[in-house]
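The chains referred to below are lettered A, B, ... by the order of the sequence lines, with proteins before strands, and numbering in each begins at 1.
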Amino acid sequence: MRKSKFLMIPVLLWMALFLLIPMVIVVAMSFMQRDTLGNVVYHFTLDGYKTFFDPLYLGIYWDTLVLSVVTTVICLLVSYPLAYYIANASPKIQTWGLVLITIPFWINFLIRTYAWVLLLRTQGVVNSLLLDFGWIQEPLQMLYTKGAVLLGMVYNFIPFMVLPIYVALEQMDKRLLDAASDLGASRWKAFRHITLPQSKSGIMTGCVLVFVSTSGMFVVTDMLGGAKSMMISNIIQSQFLGARNWPFGSALSVIFVITSLILILLFNRAMRSRADRAKEGSA
Amino acid sequence: MKRKGIAGLLLAGAIAGLSLMSLGGCSSSKETLHIYTWADNFDEDVLNDFENKYNVDITIDNYANNEDLLAKIKAGGGGYDLIQPSDYMVSTMIKSQLLEPLDMKNIPNFVNVQDSLKNPVYDPGNKYSIVYTSGVTGIAYNKKYVKDKIDSWDDLWNPAYKGKVLLLDDNREVIGMALKKQGHSNSSTNEGEIKSAVDDLKKLQPSVLAYDTDNIKQKMIQEEGWIGTVWSGDAAFIVKDNPDIEFVVPKEGATIFSDNYAIPKGAKNKELAEKFINYMLDPQVSAKNYEAIGYSDPNAKAMQYHSEEYRNNHMINLSEDELKRTEWLGDVGSTLQVYDRYWTELKSGRD
Amino acid sequence: MKKKSHPLLGIHSLLMMIFIYVPILVIIVYSFNNTRLSGEWKGFTFEWYTSLLKDRHVMEALTNTLTVAVISTLAATLLGTLAALSLRNLNKRWKGGINGLMYLPVVIPDIIMGLSLLVLFSQMHVPLGKTTVIIAHITFSISYVYVVVNARLAGMGRQLEEAASDLGATSWQTFRHVTLPQISPGIIAGALIAFTMSLDDFMVSFFVSGPSSTTLPIYIYSQVKRGISPEINALCTLLILVSVTLILLAQFFLNRGKGQKKHKTLPI
């Protein structure tokens with residue numbers, strides 16, 4: 001087993017070639033300038049980074065973070081019970097549950113999101129049903145709102161939350177729960193002091209995956225939100241494509257990646273220390 | 001047992017995938033033309049005819065917008081012999097030296113192109129490009145909901161259509177529209193003019209249902225939006241599914257656009273690409289192609305082969321008068337940054 | 001012995017499943033709708049299924065997508081698991097850096113990943129095609145597998161492995177009979193996420209694909225200009241059908257095999 005650290009080498013080589021080198025290119029580009037045609041000119045400047053601190057872009061970044069946090073929290077709240085249910089079900093249901101949760105997400109993302117357009121629009125399925133039942137007189141404007149964006153985000157990232165939490169819960173030593181109830185702990189207490197701390201690694205992973213995916217996602221805001229708001233990834237995208245300012249786009253990306261990594265790190269640390277405290281407490 | 005179950009699934013999936021793989025991937029030694037274009041931009045039959053006539057293969061790959069195309073070609077993404085950039089993109093690509101000059105000796109049918117579409121501002125002398133189709137950005141509206149006479153960009157600002165206005169999701173198109181409304185060039189590089197146009201758009205913002213380029217047709221067909229900025233070709237498409245839609249080119253003038261044939265630098269089959277362009281410009285081939293795809297046909301000699309329905313469609317064939325009011329989007333150089341910033345302000349609702 | 005779950009949990013899970021499947025149901029229904037428009041119901045038809053099977057572009061894109069997804073998921077699952085396993089044996093100083101590196105693809109915006117890889121490939125004169133798409137997908141998929149497997153390892157003590165080697169098991173035996181069974185749910189979950197990511201990826205694939213390597217997402221994105229066609233709905237329906245059938249078959253054969261064989265085999 002000691003030798004196994006050398007197994008890291010192929011992965012590291014792979015990542016160095018296809019990840020680090022391209023990233024070095026991007027970082028280098030973030031310090032360059034653009035000419036009038038949008039070509040990158042090799043001339044050192046910090047303009048890209050300075051522009052980011054324009055309140056306009058800072059504000060958009062803030063909006064992005066808020067939406068990502070809200071999405072992550074909702075995703076966690078709806079996914080945890082589901083993952084818990086699956087992890088505690090019979091083996092057969094476990095298999096089926098996992099697969100049934102993932103399969104819909106093998107359908108193209110754009111189509112999935114478009115299905116929500118079909119459901120939510122003024123002449124869509126939901127409005128027609130509500131009108132037929134006589135519950136509403138006028139079709140509701142559900143699409144192209146913030147709520148629709150949130151719904152689309154949560155919908156798309158459910159598996160990213162369920163799977164890691166399931167993995168953590170499945171591994172839990174269930175005898176602990178029996179012991180707890182033998183000792184007279186209530187269900188809630190057992191959950192709070194045994195299940196929850198033991199599933200922390202899963203919660204952590206799920207939250208990171210959902211948070212990062214949401215903040216990098218803009219097709220949902222465009223399709224379900226009517227493109228009436230901007231996410232930081234819209235800006236990055238438009239700098240590389242529409243506005244043809246690759247250096248600014250690179251600078252934004254570097255900032256985005258670094259802040260995301262820092263947030264992940266802080267989050268991991270916070271969760272770890274709480275988990276450790278919980279362990280100490282139970283010991 | 002449960003774990004075995006999941007492993008089995010993965011294995012089964014892998015086998016299914018691999019067996020599907022073997023279905024594809026047949027290759028041949030024939031000369032192959034690699035076309036990179038918009039989705040469904042050619043009639044499938046016409047492509048087949050070309051393949052058979054010259055005993056060659058055609059591969060088609062798609063991009064969804066000019067910016068994607070540019071980024072890819074610029075970053076060295078190649079292997080394509082023929083691309084179809086829009087007007088302003090042709091001029092950007094020429095300036096960035098991303099295109100091969102065309103050899104007109106191989107394209108004698110170029111004479112068939114309408115004079116008004118030859119020698120365009122974005123490529124003087126047609127050195128690098130030949131028009132494939134063109135159209136105008138105007139106002140499309142639904143007669144069921146919009147009873148007033150629509151003939152001006154100003155009508156979009158009518159409070160009666162609050163929450164039902166659709167705008168293209170494109171900074172140059174939309175700001176260009178507002179510039180036109182105020183009587184300026186759609187490619188103004190005067191920051192004051194641009195700012196005043198954007199301030200105008202900020203007043204329109206509460207009326208906007210959505211910004212959309214790709215799905216705007218569906219939104220009009222489904223009557224989610226009542227009025228909006230729509231390309232003439234798209235309007236012709238919408239009408240087929242919703243006859244209540246009408247299309248006008250506003251009196252203040254509008255933006256004209258085109259998609260073109262061009263050959264990217266370093267293309268391996270340049271001559272074959274030119275042969276293809278020439279073939280497509282044959283009057284009969286051309287009539288067959290545009291009849292099928294429903295875009296405007298730039299081929300002057302092809303009109304006689306078109307159906308009456310096609311010839312009478314005023315959204316496909318715009319009038320002289322309408323075309324006189326139009327202007328190409330010019331390259332605005334570094335002012336593009338100004339457009340982009342204002343656009344970001346407008347859409348994010350921040351200053 | 002297992003305690004029964006609270007009934008509310010069951011109801012919640014059922015509601016979640018409905019939530020997940022309602023849009024899918026819409027797609028299935030519209031795939032039989034007798035109109036090119038995705039609007040109202042105009043009667044039942046199989047037309048889109050027949051025209052789908054004749055459409056060489058869609059079929060080619062489907063083949064490409066599945067090829068890329070299967071190969072990249074297998075490779076990334078292997079590499080990502082290796083990385084997570086061997087990370088445990090590194091000292092702290094290395095751990096942080098490598099951990100950060102492995103998280104990188106998850107946080108990098110797609111367009112950056114796509115463009116920078118395109119620049120790299122064109123500098124190295126690698127012709128664009130399926131190979132470059134697969135390489136790119138492996139690169140981001142590794143991370144997802146790594147992150148999930150790593151989480152599993154974090155929650156797992158080393159006592160069992162130590163016990164095994166104390167009892168004289170070779171390191172391979174320990175790995176195969178102790179470690180692997182313990183982490184396999186993590187591996188599977190990681191592989192499922194990687195597969196999903198690969199099937200869905202548009203931006204990265206767009207930039208690193210070349211002639212004849214159009215994947216389904218690229219095709220669909222470019223198609224949207226014309227409105228999402230009912231053939232695409234039909235295709236999605238077929239994909240769901242095929243996935244579910246495969247699972248049923250796998251279940252069936254595994255259950256049949258269970259009778260004869262004693263529990264000896266391992267997950268993968």
Count the heavy-atom pairs under 4.5 Å between each of [options] and chain A, then report the option with the highest count.
| options | value |
| --- | --- |
| C:Leu78, C:Thr237, C:Ile183, C:Leu79 | C:Leu79 |
| C:Ile232, C:Leu216, C:Ile138 | C:Ile138 |
| C:Val119, C:Leu115, C:Leu25 | C:Leu115 |
| C:Ile108, C:Val148, C:Leu239 | C:Ile108 |
| C:Ile24, C:Ile20, C:Val22, C:Leu15 | C:Ile20 |

Could you report the tightest heavy-atom contact between [X] and [Y], atom names first, then the distance?
| X | Y | answer |
| --- | --- | --- |
| A:Leu19 | C:Leu101 | CD2-O, 3.7 Å |
| A:Gln171 | C:Arg152 | NE2-O, 2.8 Å |
| C:Cys236 | A:Ile111 | SG-CG2, 3.9 Å |
| A:Pro22 | C:Leu120 | CG-CD2, 4.1 Å |
| C:Thr139 | A:Met15 | O-CE, 3.8 Å |
| C:Ala83 | A:Val11 | CB-CG1, 3.9 Å |

Rounded to the nearest 0.5 Å, what separates atom [atom1] in [X] from atom [atom2] in [Y]?
| X | Y | atom1 | atom2 | answer |
| --- | --- | --- | --- | --- |
| A:Ile21 | C:Gln123 | CD1 | CD | 11.5 Å |
| C:Tyr221 | A:Leu110 | OH | CG | 4.5 Å |
| C:Ile112 | A:Ser233 | CD1 | OG | 11.5 Å |
| C:Ile188 | A:Glu170 | CD1 | CD | 9.5 Å |
| A:Leu163 | C:Tyr144 | CG | OH | 13.0 Å |
| A:Phe105 | C:Leu192 | CZ | CG | 12.5 Å |

Quick one: what part of [X] sits under 4.5 Å from any heavy atom of chain C, side chain, backbone, both or neither?
| X | value |
| --- | --- |
| A:Ile25 | side chain |
| A:Leu20 | side chain |
| A:Ile264 | side chain |
| A:Val162 | neither |
| A:Leu12 | side chain |

Specify which of [options] makes the most heavy-atom pairs with chain C at under 4.5 Å.
| options | value |
| --- | --- |
| A:Leu265, A:Leu17, A:Leu100, A:Thr113 | A:Leu100 |
| A:Met23, A:Gln198, A:Gln123 | A:Met23 |
| A:Phe160, A:Tyr155, A:Phe256 | A:Tyr155 |
| A:Val212, A:Ile107, A:Val26, A:Val117 | A:Ile107 |
| A:Ser79, A:Pro81, A:Ser215 | A:Pro81 |

Residue from C:Asp200, C:Thr215, C:Leu235 passing side chain to side chain contact (heavy atoms under 4.5 Å, CB included) with A:Asn108: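 Among the candidates, only C:Asp200 passes.
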CA sep, side-chain torsions, deciding dist, call: C:Ile135, A:Trp14, side chain to side chain contact (heavy atoms under 4.5 Å, CB included): CA-CA 9 Å; C:Ile135 289 175; A:Trp14 182 283; 3.9 Å; yes
C:Val26 versus chain A, the contacting section by heavy-atom distance below 4.5 Å: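 The answer is the side chain of C:Val26.
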Is there a side-chain contact between [X] and [Y], using heavy atoms and a 4.5 Å cut-off?
| X | Y | value |
| --- | --- | --- |
| A:Met8 | C:Ile98 | yes |
| A:Tyr114 | C:Ile220 | no |
| A:Phe18 | C:Phe121 | yes |

Test side chain to side chain contact (heavy atoms under 4.5 Å, CB included) applied to A:Leu241 and C:Ile111, step by step: CA-CA 10 Å; A:Leu241 304 172; C:Ile111 187 165; 4.0 Å; yes
Any donor-acceptor N/O pair, A:Tyr85 side chain to C:His12 backbone, under 3.5 Å: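 Answer holds: no.
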Aromatic contact, C:Phe19 with A:Trp116 (centres under 6.0 Å):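 Between C:Phe19 and A:Trp116, the centre distance is under 6.0 Å.
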Atom pairs and distances, side-chain donor-acceptor, residues 201-210 of chain A, under 3.5 Å, sequence neighbours left out:
residue	atom	partner	partner atom	Å
A:Ser201	OG	C:Ala151	O	3.3
A:Thr205	OG1	A:Ser201	O	2.7

